[in-house]
K.L.:
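Would you mind keeping the following structure in view while I ask a few things?
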Amino acid sequence: MKQRKIGILAMQGDFAKHEAMLKSLGVKTILVKQIHNLQGCDGLIIPGGESTTLTKLIRNYGLHEPLRKFAKRHPIMGTCAGLILVADHVDDERVEPLRLIDITALRNAYGTQIDSFITQVDMQFLKDSQPFRAVFIRAPQIQVVGDNVDVLVTLKGQPVMVRNKKILALAFHPELTDDTRIHRYFLEQF
Amino acid sequence: MEKGSYEVKVGLAEMLKGGVIMDVTNAEQAKIAEDNGAVAVMALERIPSDIREMGGVARMTDPQKILEIQKTVSIPVMAKCRIGHFVEAQILEQMRVDFIDESEVLTPADEANHINKHTFKSPFVCGCRNLGEALRRIGEGAAMIRTKGEAGTGNVVEAVRHMRQVIGAIRYLTVMSEDELMATAKEMGAPYYWVKKTAELGRLPVPNFAAGGVATPADAALMMQLGAESVFVGSGIFKSSEPAKQAHAIVQAVTHYKDPEVLLNVSTGLGEPMVGLEMSELGEEDRLQERGW
């Protein structure tokens, strides 16, 4: 995926962290705020942030359908709020997800900020014995996993990172660490 | 498993970037804020312009009121405690509020010391007028910094002054030789460690938000173009003639802060913004920004 350009949905949230990580990997990035920014993107990252806010902003600028169309041809990685937005279902009607992967996202499933945490998760799906320092901030949980969804990473038996053919969704924030393995996986395997 | 660490605290501040944090005084206002795209709400007894009008000692909000707001919205709920009042902060942490604002808008409880924020699991945001003040607060454990501006005035001039002072001083640090940093730290009254860190990073070590006098979408975009990473709006929304419209417009303005076409659209036909206060009408003793050390 060397010469590809990756869009980062830059309406609200920690999009600058994803941008910095991709740049450190020598990847060209485009900040996506309006429909026309999607032109020329070969993939997209939906960052962490507030999923209710992102829902409003996506709707206001008519990005909902264009993003769904984009996903038919290009890969999307969603982290935290991004996971909620790519899910088929969300346990909260305040959020209008893009319905791109057969999972149900439970918002703020671990509690408020005081319950946010950092923990080690294993990277067996990469056949890598080095664990990943996963940062969970008011994180969602993944409740239902459909048949065509692969679970890549679990925490206490619960899926926290899943994929289908075009979508990679994770409940934690690799962009808040210096560990580039998950971003590289997205760039190389999608 | 690591909880309440500095990294976890700053993590939430990162998620709030590019957003608008709105002051609300009841569940109904909180719902309007969430429905119109706020990334978080600040739960208050009274908004700053009313605190200013009523006078007297301004304290932490009644937990009952905060609870009502927590039950209504799904976005983070913040609340204010008095400067130095670590027991109010303990109560807010017990309530599991998502962020504690140790705020000059309330009457200070300690005339020399701010709260030692390292001893809390909840993250704190603190106000500043300049870089030295920002780095002292970070030294005490703040996970987010905002300009103080002048709350409750609807006049953005002080927030602009404070943001320019912070950003300008950071720029100055980045061109200094390392030999000069200790003397600068002494002059700024800031911890050397954080002065050095800021010089290396070329930005504040924690997210840098704007607050204090933001009343319109144009004000919010101005603060973003000056270098703010998010905007707090206090009295500007619920003191305007059409709060929902104003809230919606300010959220758009922060996302599209560099796009004049969007800014024009969202600024048009908003009704009356809050009535502003000229700084010269405000005596030294009435300036909330002078609180904090």
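Chain letters run A, B, ... following the sequence lines, proteins first and then strands; every chain starts at 1. It should be emphasised that the depicted structure is a prediction, and the values quoted were computed from it without experimental measurement.
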K.L.:
Below 4.0 angstrom, N of the basic side chain to O of the carboxylate: do A/Asp115 and B/Arg96 qualify?
P.N.:
yes
K.L.:
If I measure from the heavy atoms of chain B, does A/Tyr61 come under 4.5 Å with its side chain, its backbone, both, or neither?
P.N.:
side chain
K.L.:
Measure across A/Arg107 and B/Ser74 and return the closest heavy-atom pair with its distance rounded to 0.1 Å.
P.N.:
NH1-OG, 2.7 Å
K.L.:
Less than 4.5 Å to any heavy atom of chain B: does that hold for the side chain of A/Leu57, its backbone, both, or neither?
P.N.:
side chain
K.L.:
Picking from B/Met1, B/Glu14, B/His256, which has the most non-hydrogen pairs under 4.5 angstrom with chain A?
P.N.:
B/His256
K.L.:
First locate atom NZ of B/Lys3, then atom CZ of A/Phe117, and finally report the distance between them rounded to the nearest 0.5 Å.
P.N.:
7.5 Å
K.L.:
Just verifying a value: how many Å separate A/Arg94 CZ and B/Lys31 NZ, rounded to the nearest 0.5 Å?
P.N.:
7.5 Å
K.L.:
Rounded to the nearest 0.5 Å, what separation is found between the NZ atom of B/Lys17 and the CD atom of A/Gln12?
P.N.:
11.0 Å
K.L.:
Under a 4.5 Å heavy-atom cut-off, does chain B meet the side chain of A/Ser116, its backbone, both or neither?
P.N.:
both
K.L.:
What is the distance from atom OG1 of A/Thr112 to atom CD of B/Gln70, rounded to the nearest 0.5 Å?
P.N.:
7.5 Å
K.L.:
Using heavy-atom distances under 4.5 Å, tell me whether B/Ala40 contacts chain A through its side chain, its backbone, both, or neither.
P.N.:
neither
K.L.:
Please classify the contact of B/Val262 with chain A as side chain, backbone, both or neither, using a heavy-atom distance under 4.5 Å.
P.N.:
side chain
K.L.:
Salt-bridged, A/Arg133 to B/Glu2, with N to O below 4.0 Å?
P.N.:
yes
K.L.:
Heavy-atom distances under 4.5 Å only: say whether B/Ser5 touches chain A with side chain, backbone, both or neither.
P.N.:
side chain
K.L.:
May I ask you to decide whether B/Asp98 forms a salt bridge with A/Arg138, counting only side-chain N to carboxylate O separations under 4.0 Å?
P.N.:
yes
K.L.:
Rounded to the nearest 0.5 Å, how far apart are NZ of B/Lys121 and CD of A/Gln113?
P.N.:
12.5 Å
K.L.:
Which answer fits B/Glu93, side chain, backbone, both or neither, if we ask what part of it has an atom under 4.5 Å from a heavy atom of chain A?
P.N.:
both
K.L.:
Is it the backbone or the side chain of A/Gln120 that comes under 4.5 Å from a heavy atom of chain B, or both, or neither?
P.N.:
neither
